[in-house]
Structures are given as structure tokens and as C-alpha cells.
Amino acid sequence: MDGYRMDRTILTSKDMQMILAGLRSLDSVSGSSYYAQLMEKIQTGSSEYISGRDSILIDLSSWYKGSLAPKIATIQDAIENRHILEFYYYAPSGESKRSIEPYYIVFKWTSWYVYGWCLKRKDYRLFKLNRMDRVAEMDKKFACRNASVPDLSNEKIFPGGIKVKALFTPDMKWRLVEEFGPQCFTESDDGRLIFTADYTDMENLVTWLMTFGAKAEVLEPAEVRDIIRRNAEETLKIYGGLA
């Protein structure tokens, strides 16, 4: 409304800075000027009680803003219009064309996802945006289901089941702390790190362990040791290490 000014007693300077920090984080993955315009509206007439410089800077786009922002914009439009969303999806199990009823855009585990009802699987699914291609909003409308906020707790999405025990060289401590926290290992007498954790997916576990090369040795389970050994033998064949 013309001439309207927000009562300065409603929001403190810190409140305003936190609101603007949140809007800037969304602007980092926006394909439009919506959030920038919204920030301008909030700041208009409020500059006298927004003190100090920004202390929280959040970029949610990571390395993928060029491809991520258009996907998020398309998904947002499909959610608002209640339109079916179609895309090609690349998963460890293979490639497939999917059609979903989209309900939520999710930022979790440092990545972006869309949560919706998959028409192929007849169930709710979580799809990673970086694995999606040719994302398109269709003209076909859908009747909104009673889709509750998804339970994205680690226990729900990654229930564990594979108990892994491995030895890491001391110079890999920084990676273990970064990825699993300082409580995930103990130090042995020779300085090596005894790592223990529950893992959900065997393929992801093997891939992760192999990124350490000779700096990691799997103790348990034996199946993982066998898979890594076979992978190493196949790699040696490619590079001429084995006849």
C-alpha cells in the first residue's frame, strides 16, 4: 500500500538480516528476479533499522546454477499449477522416463530433490535434480493427494543394514571428520583410524571406499573386500597391470 511503513517494533535489525539472508539463499538458485524484487520491497523504508553488513552468505546452487535454476523454476510452476512433471532419470539401476505429481522441492544432504507421486511406481518417490534431464511441465492436471511433508530423516531414507569396519591412514582423518564426524573412528596403536558405520547401499559403499585407494583397508564385511579386490583386478587389466 502506498505510504505503508513496517512498524520497527515488529522486527529487529537482526530479524531483518536473517530474513534477507534466507531470501538471498533462495535467490542463488532462482531463475527469475522474484527474490531480488522481494528483498527490495522488504528493504524499502527499512534501511534505518538494518544495521551492519551481511554476516551470513548462503549459495544453494553449488556448481550447478546454470542447469539447476531452470529445473527448479519448472518444478515450482508444475507444483503451483498442479501439472504432471515429466523427465528422464539416470539412476544406478538404469535410465527411465518418469511422470510424477510433484509436491515438494527439497534441499537435503547438500543436494536438491523433488518429492512426488511416481505414476510408474505408484508410490511417493524422491528424485535428485542433478540426475534429471529434459524436465518438462505437462498440460495434464492432477488431483492433489493428501501428501504430507516427507519424512527425510536419515533413519528413514538411509536405514543402514550394512555394518562396515575399515582401517584408514592417519592423513585421511580430515575426510572422515568432514563426512561422518569425529565420533566415527578410534585411533589404533599404530596411528591408523578404525572406522565403523552403518551403510545402506552396497554399491555406494564400495564406490566411496575406492576413492581412498590404498589409504583404506576394509575389514568387514568380507563381501565388500571381495568386490573391491575384483574391481582392482579389472582396473589393472585395463591399464596393463595383469595379463
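Everything quoted here is computed from the prediction, not taken from an experiment. If you read the sequence from its start, that first residue is 1, and numbering goes on from there.
Y124 and W117 have perpendicular rings, their planes meeting at more than 60° on a 0 to 90° scale where under 30° would count as parallel. F180 and Y199 have tilted rings, their planes meeting at an angle from 30° to 60° on a 0 to 90° scale.
At least one donor-acceptor pair under 3.5 Å links the side chain of W112 to the backbone N or O of L60. No donor-acceptor distance shorter than 3.5 angstrom exists from the side chain of K165 to the backbone of I194, with no hydrogens or angles considered. At least one donor-acceptor pair under 3.5 Å links the side chain of K71 to the backbone N or O of L129. R134 contributes no side-chain N or O that, together with a main-chain N or O of F87, makes up a donor-acceptor pair within less than 3.5 Å.
Residues meeting the salt bridge (Lys or Arg N to Asp or Glu O under 4.0 Å) test with E178, sequence neighbours left out: none. Under the rule for a side-chain hydrogen bond (donor to acceptor under 3.5 Å, both in side chains), the partners of S188 that lie at least two apart in sequence or sit in another chain are D190. Take R82 and apply the salt bridge (Lys or Arg N to Asp or Glu O under 4.0 Å) test, not counting sequence neighbours, and it matches no residue. Not counting sequence neighbours, the partners of E137 by the side chain to side chain contact (heavy atoms under 4.5 Å, CB included) test are T74, D77, A78, N81, H83. Under the rule for a side-chain hydrogen bond (donor to acceptor under 3.5 Å, both in side chains), the partners of R229 that lie at least two apart in sequence or sit in another chain are E233.
Cation-pi geometry between R175 and F212 is met: the NZ or CZ atom falls under 6.0 Å from the ring centre, inside 45° of the normal.
The two atoms that bring M202 and I227 nearest to each other are CG-CD1, 4.0 Å, heavy atoms only.
The number of heavy-atom neighbours closer than 6.0 Å to NZ of K141, taken from other residues, nucleotides and ligands shown, is above 12. Surrounding CG of D123 are more than 12 heavy atoms belonging to other residues, nucleotides or ligands, all under 6.0 Å away. The local environment of CD in E179 is crowded, with over 12 non-hydrogen atoms from other residues, nucleotides or ligands closer than 6.0 Å.
A salt bridge is defined here as a Lys NZ or Arg NE, NH1 or NH2 lying under 4.0 Å from an Asp or Glu carboxylate O, and E187 with K173 meets this definition.
Counting only heavy atoms from C-beta outward, the side chains of I84 and L119 approach each other to under 4.5 Å.
Evaluation of the side-chain hydrogen bond (donor to acceptor under 3.5 Å, both in side chains) test over residues 88-97, restricted to residues two or more places apart or in two chains, returns S96-R98.
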